[in-house]
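One structure is given below, encoded as structure tokens.
For ligands, and for the atoms within them, numbers begin at 1 and follow the listed sequence. Please read all numbers here as calculations on a predicted model, not as lab measurements.
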Amino acid sequence: MSCNSWTLCGLLLSGSALLFGCGDDKGGDNNSAPQTTQAGRDTSAISYVDYSTAMTFDHCSGGTSQYATNDFYVGTTGAVSSDTLIDIVKAAQLSFETLNGASYFNVNAATDLAIDSANRLEICIDPGEGSNGAGYKKGIIIGASLSGSNLDFILDHELTHVIATNILGKDLPSVLSERWFDEGLATLFADNVILTKSQMSSLINLNSGGILTPANVASKGAEDIWSYDGKNTSYYYPAYNTVLRYSMHLGASKSDFIQILFKMREIEQGCQTQQASFYSSTGGMHGSNSFSSMSNACNGLDTGYETTYNGSIINSNDVFQVAFDEVMSHNGSGLTMSQLRDNTYFVNNVVNGFLN
Ligand SMILES: [Zn+2]
């Protein structure tokens, strides 16, 4: 488990080592719910039923669920009231439907994600997690103490990870995607906070004299550089969203970000198809069927097993950049990942040219 004293795990401040799944390789979230709770969305139109099935997450494994909506079932590790279970599963259903809608992912749960009443997502409510949450491909783990707008905020953030991960078709988004993009998207779709110019400057300038800009945070490990430097952790996710908002300022849309996810899936599936075909036609030239893993990207540089896109061979680490550049080339933004990762470009155009 990678949570340490420098890393705030879960959506608030408690450091549960099991709360990975959110955005990156066992990294956890360091997001903050709003301080005040307002009324949440009106879930009175969401129906639920009594529902008993085996729970599978670490925290809830071995237990049974109690209620279900169309796309979720819910159970708990502890003594959580029926009212709380029902409130959370209904709020999750409404968050999920909102996120799938045209203003956000614009996907069909059944046909695009293979999630429906026969293939529900799991909600494990663990009171020990307090106000924390984490998103996985097959559902979420969440504490029992959230309600109203704070509950909606956490659900919107974590379910963005869940939906994105299901589009990618991997156990974790980090298998194909990058941390800044995953957490930026979850922030864009949850509370849409960005940094001010002075906040961004204080975050990216390291005490060592170096600089770390948000689009260079491909993984949790890169983010830890800020933590070791004593940066304000509440700036991280708004910094990632700032990159997305800058992209939108230049002409990108939310739909483009979703297309990047689908483009990554297309590249991945193309690689798997090619590898399976080559494996078959050569009588199993490689010793293993690595192309079907849920926890690894399809990647091979050996003849016949290359990851290719548009006729060019790419490394699996570059799938995100290839997908980003491909989608951005069609929206008039003129933006590339190389630009966003370039420190001088970022300081001149985002910090000094975009932020206030
Ligand atoms: Zn997250």
Q: Tell me, please, if Glu158 has any N/O/S atom, main chain or side chain, under 2.8 Å from the Zn ion (ligand 1)?
A: no

Q) Under 6.0 Å from the six-membered ring centre of Phe57 and within 45° of its axis: does the NZ or CZ of Lys138 meet both? A) no

Q: Report yes or no: do Tyr235 and Val193 belong to one cluster of Ile/Leu/Val/Met/Phe/Trp/Tyr joined by side chain heavy-atom distances under 4.5 Å?
A: no

Q. What's the atom name of the N, O or S in Glu183 nearest to the Zn ion (ligand 1)?
A. OE1

Q | Shortest-distance N/O/S atom, His157 versus the Zn ion (ligand 1) | A | NE2

Q) With a 3.5 Å cut-off and no angle check, do the side chains of Gln66 and Tyr51 form a donor-acceptor pair? A) no

Q.
Checking Phe105 now: which residues fulfil ring pair (Phe, Tyr, Trp, His ring centres under 6.0 Å) with it, not counting sequence neighbours?
A. Phe189

